[in-house]
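Notes follow once the structure below has been shown.
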There are 2 protein chains.
Amino acid sequence: MADAVRSERERAAHLGPERRRPQVLDAALALAVHSGVGAVTIGAVADNLGVTRPVVYACFRDRAALIEALVEREGERLLANALAALHSARGDDPEAVFVRGYRAFLDVVADCPDAWRLLFSTAPDPAGADKFREARLVMADNATRWLRPALTAWWDVAELDRKLPALVELFMSSCEAAARSLVDHPDGWRTQELGELYGRMMCRAFSAA
Amino acid sequence: MADAVRSERERAAHLGPERRRPQVLDAALALAVHSGVGAVTIGAVADNLGVTRPVVYACFRDRAALIEALVEREGERLLANALAALHSARGDDPEAVFVRGYRAFLDVVADCPDAWRLLFSTAPDPAGADKFREARLVMADNATRWLRPALTAWWDVAELDRKLPALVELFMSSCEAAARSLVDHPDGWRTQELGELYGRMMCRAFSAA
DNA sequence: CGACGTTACTACAGCAATGTAGGAATTTCC
DNA sequence: GGAAATTCCTACATTGCTGTAGTAACGTCG
């Protein structure tokens, strides 16, 4: 099938693979967020970009490579920001630290909500499934590294090693919940208030671990 | 393409659509849980069942109808059990109620983990997307109905109406986290212990809402 | 045992997406 | 201005899945 029956469209600019690649990823991200990773077909990306499919193939070997590159780019962007957020949350008063942490985290999500949606609220496609898992694992790993010393220092949690996986699971999920609250009802809450609510609540929760 | 090049397989039993239908749903569920809803193709279901595709089409009008029926069946199973679990969690002592609630909930998940996985940790397929949303909404709705009176009666939470969506989000996520802990690391925790941990923690969290 | 209704199988047509080859337009460089 | 390189487009072959038509096996009832 031709891309356009008798194209009305202007011939696309002569950018070349190097300069085209980021545009392709942007179009793919928009599609993935709006309609799920399954909707990221070469054809759909090309259409969205006002370009024909071979142009996309010039940027990425095949569909799998495109998805992987997308997950990698967004994962790195998110991870870098989230790490900075975690590192910014230090201090002596647990509740204050938790609140700062959730606030910083929510600022990150508010800053690049699509990266978050891609990695945490869409389907892990058979294509970049490994990349998805990897990106999420890295996040969980960093969460663990932040959580463990906090829990030992402040509350001396018993049997921490055994509980830790479950606690990390809860922590990650609370972050997802906070992010969803922000992303799905953007009018109701500012990051500051929402961060305070979640920080206060989850601080209490972990103090009872 | 023929279903088998020159079928070695025995001819399948003469069951007829009525008796075949539940088998088809079982096969579809196994596929969806193992490889995502996207992997639920008519052909894959038929193969998994040792049957040819037209047999599946005799049970369900098309792929969409199959997915919808699957989500509906599993959603109802889960909902009925989860409702019973919530209703079993009543009393005067908040922490005890929370613990009973999470325990009962985890028992439900342990009882039909695949139903849970299908609805909450797989991709909402473009096919039954509405059914997915609906099933999840019903669960959230029931959570809200349980949470609201508890929060007013025990802790007289300020601005409850405004906070409630965020609190429900957190509550649902905590349930997902608990379920994941159970399903992904089935050796580490029994439902009783895990329910107590989560119940204690989340009770504290909500008391600080 | 023989005819009829039910069930499953084989084979086909259609569609949508993948990935590729060769030709046309544009830019660059002399 | 003209050749060469780059980039994009049209067109095709292939694959995988959907949904359907016609045929062969099975079971049941007279």
Side-chain angles (χ1 to χ4, degrees), chain A residues 1-24 27-28 31-32 35-70 123 125-129, chain B residues 1-24 27-28 31-32 35-70 123 125-129:
Chain A
M1 178 187 68
D3 290 343
V5 193
R6 203 51 177 163
S7 91
E8 317 268 334
R9 173 169 63 75
E10 291 289 312
R11 190 183 170 91
H14 260 54
L15 296 187
E18 290 309 320
R19 280 176 296 172
R20 183 76 75 189
R21 210 167 275 127
Q23 296 186 359
V24 172
L31 270 168
S35 319
V37 183
V40 179
T41 67
I42 303 289
V45 171
D47 280 358
N48 246 34
L49 203 59
V51 144
T52 55
R53 292 184 304 105
V55 173
V56 176
Y57 279 105
C59 298
F60 297 95
R61 186 168 32 75
D62 55 15
R63 193 186 107 101
L66 196 170
I67 308 265
E68 279 172 29
L70 178 63
D125 196 82
Chain B
M1 178 186 66
D3 289 345
V5 191
R6 202 53 176 164
S7 88
E8 318 268 333
R9 173 169 62 76
E10 291 288 312
R11 191 184 170 88
H14 258 55
L15 297 186
E18 291 307 320
R19 280 176 297 172
R20 185 74 75 188
R21 208 166 277 126
Q23 295 187 0
V24 172
L31 269 169
S35 318
V37 184
V40 180
T41 68
I42 303 288
V45 171
D47 281 356
N48 245 34
L49 204 58
V51 142
T52 55
R53 292 184 303 107
V55 174
V56 177
Y57 278 105
C59 298
F60 297 96
R61 186 169 32 74
D62 56 15
R63 193 186 106 101
L66 196 171
I67 308 266
E68 279 173 27
L70 178 63
D125 195 81

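Naming: A, B, ... by sequence-line order, numbering from 1 per chain.
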Which atom of [X] lies closest to which atom of [Y], heavy atoms considered:
X	Y	answer
Ala127(B)	Ile67(B)	CB-CG1, 4.1 Å
Gln23(B)	Arg19(B)	CG-O, 4.2 Å
Phe60(B)	Ala69(B)	CE2-CB, 3.5 Å

Distance-only donor-acceptor test, Arg53(B) side-chain atoms vs dG19(D) base atoms, 3.5 Å: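 Yes.
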
Val45(A) vs Arg63(A) side-chain heavy atoms within contact, under 4.5 Å: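 Side chain of Val45(A) against side chain of Arg63(A), heavy atoms only: no contact under 4.5 Å found.
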
Report the nucleotide, chosen from [options], that has the shortest atom-to-atom distance to any side-chain atom of [X].
X	options	answer
Thr52(A)	dC8(D), dC9(C), dT18(C)	dC8(D)
Pro17(A)	dT18(D), dT18(C), dT7(D)	dT7(D)
Thr41(B)	dC17(D), dC9(C), dC9(D)	dC17(D)
Arg63(A)	dG19(D), dC26(D), dG19(C)	dG19(C)
His14(B)	dA21(C), dG27(D), dT6(D)	dG27(D)
Leu15(B)	dA8(C), dA21(D), dT18(D)	dA8(C)
Ile42(A)	dT18(C), dG19(D), dT7(D)	dT18(C)
Pro54(A)	dT20(C), dT20(D), dC9(C)	dT20(C)

I need the [atom1]-[atom2] distance between [X] and [N], as an integer number of Å.
X	N	atom1	atom2	answer
Phe60(B)	dC17(D)	CZ	P	20 Å
Ile67(B)	dG19(D)	CD1	P	11 Å
Tyr57(A)	dA13(D)	OH	P	17 Å
Leu49(B)	dT7(C)	CG	C1'	14 Å
Arg19(A)	dT26(C)	CZ	P	16 Å
Asp47(A)	dT10(D)	CG	C1'	15 Å
Arg61(A)	dT20(C)	CZ	C1'	15 Å
Glu18(B)	dA8(C)	CD	P	12 Å

Step-by-step side chain to side chain contact (heavy atoms under 4.5 Å, CB included) determination, Val55(A) to Thr52(A): CA-CA 6 Å; Val55(A) 173; Thr52(A) 55; 3.8 Å; yes

Touch class at under 4.0 angstrom, heavy-atom based, for Ala13(B) against every strand present: sugar-phosphate

Presence of Arg9(A) side-chain N/O under 4.0 Å of dC9(D) phosphate oxygens OP1/OP2: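 For dC9(D), OP1/OP2 do have a side-chain N/O of Arg9(A) under 4.0 Å.
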
Residue-phosphate contact under 4.0 Å: Arg20(B) side-chain N/O, dA8(C) OP1/OP2: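 So the side-chain polar atoms of Arg20(B) do come within 4.0 Å of the phosphate oxygens OP1 or OP2 of dA8(C), strictly under.
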
Check: Cys59(B) main-chain N/O paired with Arg21(B) side-chain donor or acceptor under 3.5 Å: yes

Most 5' of Asp62(B) and Arg11(B) on DNA chain D, judged by nearest nucleotide: Asp62(B)

